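Since the model is a prediction, treat every value here as computed from it, not as a measurement.
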Amino acid sequence: RKMLVQDWATITSERVNKVVEFVVAGLMLALVLDVWLGVVDRYYFRWQLPWPETLARYLMIWAAMLAVSSGIARRDHIGLTAFVMIFPVSVRRLVLIAADLLSLALFLYVTWYGIAFAQSGAPRHAMIFGMSLAPFYAAIPVSAALCSVQLVLVLLRDLGGYLDKPVFSEPVLEDGQ
């Protein structure tokens, strides 16, 4: 059987999303352990470790930013479905494709300017870690680029038809059926 572009986009999106979810789960595990260590340090051992709070902040930023692409892959982000559902199916699909393209433009913009933002973090140093802030600032362009990739994949996968197959109702029929 020939693989269609939609099939390829579906498989690729799922694979990229599995990797991202694995990384986010690892970051969240590290975040929980870091916060736990900070609490144990403060109230039990009194080591006065200077880095758990700062590390937790950057782990949370990376996890939250990367998780956005997972929401895109699953189409779990909030939308104006009540408004969009007013339109006939053919118009609805065009509106949803336009929304995806507009979102893609936004994420490409954030990627482009996020690179300069991450580079601006290179000369700045986190005194607690004794290292550049660039890896922490890189969460913005990396996650925006990943969101751009996922948007292209789900756009190809769904072609504006994802509201036609709602999870809790009957599929919507084409115009005139």
Side-chain angles (χ1 to χ4, degrees), residues 8-81 96 99-158 162-163 166-168:
W8 173 83
T10 300
I11 292 166
T12 305
S13 176
E14 288 171 356
R15 287 180 180 167
V16 169
N17 192 43
K18 280 184 182 179
V19 171
V20 169
E21 287 179 345
F22 182 77
V23 170
V24 170
L27 290 169
M28 292 304 294
L29 176 63
L31 176 61
V32 167
L33 293 174
D34 177 64
V35 170
W36 178 80
L37 177 65
V39 169
V40 169
D41 167 39
R42 178 174 291 162
Y43 295 107
Y44 186 69
F45 292 115
R46 303 198 194 285
W47 293 324
Q48 297 184 351
L49 297 172
W51 49 267
E53 184 179 333
T54 304
L55 180 60
R57 179 182 315 123
Y58 292 124
L59 288 170
M60 183 175 57
I61 289 169
W62 265 101
M65 296 300 294
L66 288 175
V68 173
S69 73
S70 183
I72 291 171
R74 295 172 181 268
R75 294 282 191 191
D76 281 343
H77 288 295
I78 192 167
L80 299 173
T81 53
L96 293 173
D100 280 348
L101 291 173
L102 189 61
S103 298
L104 177 61
L106 170 72
F107 283 114
L108 289 172
Y109 176 85
V110 172
T111 301
W112 180 258
Y113 287 98
I115 291 169
F117 175 73
Q119 290 171 337
S120 75
R124 297 183 182 144
H125 282 72
M127 296 304 165
I128 291 175
F129 300 124
M131 63 182 281
S132 168
L133 288 175
F136 305 116
Y137 284 26
I140 302 294
V142 168
S143 62
L146 196 54
C147 288
S148 299
V149 168
Q150 279 292 12
L151 266 166
V152 169
L153 292 171
V154 298
L155 178 60
L156 292 172
R157 177 190 72 195
D158 300 335
Y162 57 92
L163 289 182
V167 178
F168 299 110

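For the pair Tyr137 and Ala118, the tightest heavy-atom approach, listed with the atom from each and the gap, is CB-CA, 3.7 Å. Among all heavy-atom pairs drawn from Ser69 and Val20, the shortest one is OG-CG1, 3.7 Å.
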Which donor-acceptor pairs under 3.5 Å do the side chains of residues 140-151 make with protein atoms, sequence neighbours left out?
residue	atom	partner	partner atom	Å
Ser143	OG	Ala139	O	2.6
Ser143	OG	Ile140	O	3.2
Ser148	OG	Ala144	O	3.0
Gln150	OE1	Ser13	OG	2.7
Gln150	NE2	Ser13	O	3.2

Could you list the donor-acceptor pairs under 3.5 angstrom formed by side chains in residues 34-56, with sequence neighbours left out?
residue	atom	partner	partner atom	Å
Asp34	OD2	Ala56	N	3.1
Asp41	OD1	Trp47	N	2.6
Asp41	OD1	Gln48	N	2.8
Asp41	OD2	Leu49	N	2.9
Arg46	NH1	Arg42	O	3.2

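Here Leu66 contributes atom CG and Phe22 contributes atom CZ; the two are 13.5 Å apart, rounded to the nearest 0.5 Å. Atom CG of Leu153 and atom CD1 of Ile11 lie 11.5 Å apart (nearest 0.5 Å).
Remark: Met28 pairs with Val24, Leu31, Ala63 by the side chain to side chain contact (heavy atoms under 4.5 Å, CB included) rule, at least two apart or across chains. Checked against ring pair (Phe, Tyr, Trp, His ring centres under 6.0 Å), Tyr58 has the following partners two or more places apart in sequence or in another chain: Phe136.
Legend: salt bridge (Lys or Arg N to Asp or Glu O under 4.0 Å) pairs involving residues 99-128, not counting sequence neighbours, sorted by first then second residue: Arg75-Asp100. For residues 14-27, the pairs satisfying side-chain hydrogen bond (donor to acceptor under 3.5 Å, both in side chains) are Asn17-Glu21, Asn17-Ser70, Glu21-Ser70, Glu21-Arg74, with sequence neighbours left out.
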